[in-house]
Structure formats: structure tokens, C-alpha cells
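Single-structure report; data block below.
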Amino acid sequence: MKTEEKPDYLGHRSRLRERFMRGEGRNMADYELLELLLTYALPRRDVKPIAKDLIRKFGSLAGVVNADESRLTEIPGIKENTAVLLKLVKQAASRFSWQNLSGSDAPVISCWDAMIDYCRSEMGYLDIEEFRLIFLDVKFRLLGEEIMQRGTINQVAIHPREVVRLAMEKNAAAVIMAHNHPSGDVKPSHADIEITRQIDQALKSINIQLIDHIIISRSGYYSIKTLL
């Protein structure tokens, strides 16, 4: 009786896993890491073409896991279960980043690059503007955060009195403000600078410090506080 041959991609999967375990994926290309991940969602098909299609469409592994489910499922072979797995990776990475920051005894200002990376992972890939507040204690350690507004493609409404109210509710000693520019251009608008001035003054009136207001994109950021 003839033994049924196994598909070629099964041997390729084994080699991918072995390569990953040797260096935990450090020397693997984005599409290879994505391919290995997809093997757990799609165990009965060759996923290499799907991984390459995803990277081609979204540019990078970060772009893939940050993409909306509706856009992910535009790729042939990607269904809801696979999209959920990809979004799970994104959420795990975000929590890892936040928990590293919040678990540190060091002030946030000494871990500024990590803070920027967290904001970028949370906001940098969004198609609409989002404004969030990050609250700090008297030693500038994380207390929590609040998504204050989600806006249209180019506008978010921010009210200084609401920032003050939320900061007082959190018993914050300092605040970081952050919002994204979906266009990718992190240059602040006149409105961005003006609202920063207004909120800075409102917080000072109750002895709360505005550490910074940062504008985030996929590839960069801008510190508005340097203009005040």
C-alpha cells in the first residue's frame, strides 16, 4: 500500500520552528516570523504566500498586527480567526510595553524612549486621531491612562477642564498628553500648540505639571512642550 506523501510545506514549518528556537527569531525576516505565526492559525495550508502578501500590503510585521480586521481579511486566506490571532499579538505587545513601564520604579522621563514606543504601538497606526492622557505620581511613575477622545480623520476636540478633572480624579502630580497624526506628518498645527498652552496653564493652576504633549506617527514624534 502506497504511503501518502506529506505536503512539502510541513518540512519547511519544522525548519522555521527550529530556526526560531535557536535565536528566538532575532535573525528572521518579518515575513518569516509572520509565516510561523500563521502556521498555528492555518495548519493545513502553505502560509508563506499569505505572509508575503500581508507584508506587501502593510509594510512590516508591526503594520500587519496593527491593521484593522476588515483590512486584514481583504487578504485571500485570512479569515476572522486568523485576524483575531494577529490582533492578539498586538495586544500582547502593548501590554508587555505598558507593564514594563508601570512596573519600573524609575521615573518615566528616564525611560522616555520606551514611553514613545508604547504610544507609537498604541496610536501610530490608527486611521483616525486619538487623544490620550497618561497620569504620573509625585515620582513621575505611571498611575494609569485615559483615552479622552477619538476624532475624525483630522480633528480631535479637547477641553482643558476635562483634562483637569481627569487628572484630579487620578490624584496625578503630572500628566503626559499624546495624540497621533494619521497623515504621518508630526509637525504641530497652530491649534495643537494653542491647546497645549491652555492645558498647561489649567494644570499649573492646580499644581499639576504637564510633562509634555507628544504627537505620534508610525515613524516619528514631536514634542510640543519644547515650543512653549
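Throughout, residue positions are numbered sequentially from 1 according to the sequence presented.
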_For the backbone of Ala178 and the side chain of Arg132, can you confirm whether one donor and one acceptor N or O come within less than 3.5 Å of each other?_
no
_Within the 3.5 Å criterion, strictly below it, is a donor on Gln91 or Arg95 matched to an acceptor on the partner's side chain?_
yes
*Apply side chain to side chain contact (heavy atoms under 4.5 Å, CB included) to the pair Ile211 and Val108, showing each step before the final yes or no.*
CA-CA 10 Å; Ile211 299 295; Val108 165; over 6 Å; no
_Minimum side-chain heavy-atom gap Arg141-Asp105 below 4.5 Å_ = yes
_For the CD1 atom of Ile78 and the NZ atom of Lys57, what is their distance to the nearest 0.5 Å?_
12.0 Å
*Test salt bridge (charged side-chain N to carboxylate O under 4.0 Å, His left out) applied to Lys48 and Glu35, step by step*: CA-CA 6 Å; Lys48 186 174 184 177; Glu35 182 184 358; 5.5 Å; no
_Polar side-chain atom of Arg120 near backbone of Ser217 as donor-acceptor pair, under 3.5 Å_ = yes
*Just how far is it from atom CZ of Phe58 to atom CG of Leu86, taken to the nearest 0.5 Å?*
9.5 Å
*Nearest heavy-atom pair of Tyr222 and Val186: which atoms, and what distance?*
CB-O, 3.3 Å
*Under 4.5 Å between side-chain heavy atoms, hopping through other hydrophobics if needed: is there a path connecting Ile147 to Leu126?*
no
*For the atom pair CD1 (Ile208) and CZ (Phe135), what is the distance rounded to the nearest 0.5 Å?*
9.0 Å
*Flag yes if Leu72 and Val84 sit in one hydrophobic cluster, no otherwise; membership is Ile, Leu, Val, Met, Phe, Trp, Tyr, and two members link when side-chain heavy atoms are under 4.5 Å apart.*
no
_Shortest non-hydrogen contact from Arg19 toward Asn27_ = NH2-O, 3.9 Å
_Donor-acceptor contact below 3.5 Å, side chain Ser110 vs main chain Ala106_ = no
*Can you tell if the side chain of Trp112 reaches within under 4.5 Å of the side chain of Ile214, non-hydrogen atoms only?*
yes
_Nearest heavy-atom neighbours spanning Leu101 and Leu142_ = CB-CD1, 3.5 Å
*Looking only at heavy atoms, which two atoms of Ala202 and Val164 are closest? And how far apart?*
CB-CG2, 3.7 Å
*With distance as the sole test, does Asp53 use its side chain to make a donor-acceptor pair with the main-chain N or O of Ile50 at under 3.5 Å?*
no
_Spacing of OG1 belonging to Thr39 relative to CZ belonging to Arg44, to within rounding of 0.5 Å_ = 12.5 Å
*Is a side-chain donor or acceptor of Arg26 paired with a backbone partner of Gly23 at a separation under 3.5 angstrom?*
yes
*asked:* Is it the case that the side chain of Ser97 and the backbone of Ser94 share a donor-acceptor pair, with hydrogens and angles ignored and the cut-off at 3.5 Å?
replied: no
*asked:* Could you tell me if the side chain of Pro182 sits less than 4.5 Å from the side chain of Asn180, heavy atoms only?
replied: yes
_Side chains of Pro160 and Ile195, heavy atoms from C-beta outward: is any pair under 4.5 Å?_
yes
*Is there a chain of hydrophobic side chains (I, L, V, M, F, W, Y, each step under 4.5 Å between heavy atoms) that links Leu210 to Ile216?*
no
*Is a donor on one side and an acceptor on the other found under 3.5 Å between the side chain of Asp212 and the backbone of Ser223?*
no
_Once rounded to the nearest 0.5 Å, what's the spacing between atom CG of Leu37 and atom CD of Glu32?_
13.5 Å
*asked:* Please evaluate residues Val175 and Met177 with respect to the criterion side chain to side chain contact (heavy atoms under 4.5 Å, CB included), reporting the C-alpha separation (whole Å), side-chain torsions for both, the decisive distance (0.1 Å), and the verdict.
replied: CA-CA 6 Å; Val175 172; Met177 302 193 304; 4.2 Å; yes
*asked:* Is it the case that the side chain of Asp200 and the backbone of Thr196 share a donor-acceptor pair, with hydrogens and angles ignored and the cut-off at 3.5 Å?
replied: no
*Are the charged groups of Glu18 and Arg15 less than 4.0 angstrom apart, N to O?*
no
*Starting at CE of Met168, measure out to CG of Leu203 and round the result to the nearest 0.5 Å.*
10.5 Å
_Are Cys119 and Ile134 packed together at the side-chain level, in the sense that at least one heavy-atom pair is separated by less than 4.5 angstrom?_
yes
*asked:* Within the 4.5 Å heavy-atom criterion, are Leu54 and Leu38 side-chain neighbours or not?
replied: yes
*Heavy-atom pair with the smallest gap, counting every atom of Ala41 and Thr82*: CB-OG1, 3.8 Å
*So do the side chains of Glu145 and Leu133 get within less than 4.5 Å of each other, counting heavy atoms only?*
no
*Should the heavy atoms of other residues, nucleotides or ligands under 6.0 Å from CG of Asn171 be counted, would the total exceed 12?*
no
*Side chains of Arg56 and Lys52: closer than 4.5 Å at any heavy-atom pair?*
yes
*asked:* Under the salt bridge (charged side-chain N to carboxylate O under 4.0 Å, His left out) definition, can you give me all pairs with a residue in residues 78-93, not counting sequence neighbours?
replied: Lys90-Glu122
*Please report the C-alpha distance between Leu33 and Phe20 in whole Å, then the side-chain angles of each, then the deciding distance to 0.1 Å, and finally whether the side chain to side chain contact (heavy atoms under 4.5 Å, CB included) criterion is met.*
CA-CA 8 Å; Leu33 289 173; Phe20 179 83; 3.9 Å; yes
*Say whether, by atom type as modelled, one donor and one acceptor occur between the side chain of Asp137 and the main chain of Phe140 under 3.5 angstrom.*
yes
*asked:* So, using ring-ring contact (aromatic ring centres under 6.0 Å, His included) as the criterion, who are the partners of His181 when residues are at least two apart?
replied: His179
*Considering all heavy atoms, the nearest Leu227-Pro188 contact*: CD1-CG, 3.8 Å
*How about Glu169: does its CD atom have over 12 heavy atoms from other parts shown lying under 6.0 Å from it?*
yes
*Side chain of Asp30, backbone of Leu61: donor and acceptor closer than 3.5 Å?*
yes
*Verify the neighbour count for atom NZ of Lys139: are there more than 12 heavy atoms of other residues, nucleotides or ligands below 6.0 Å?*
no
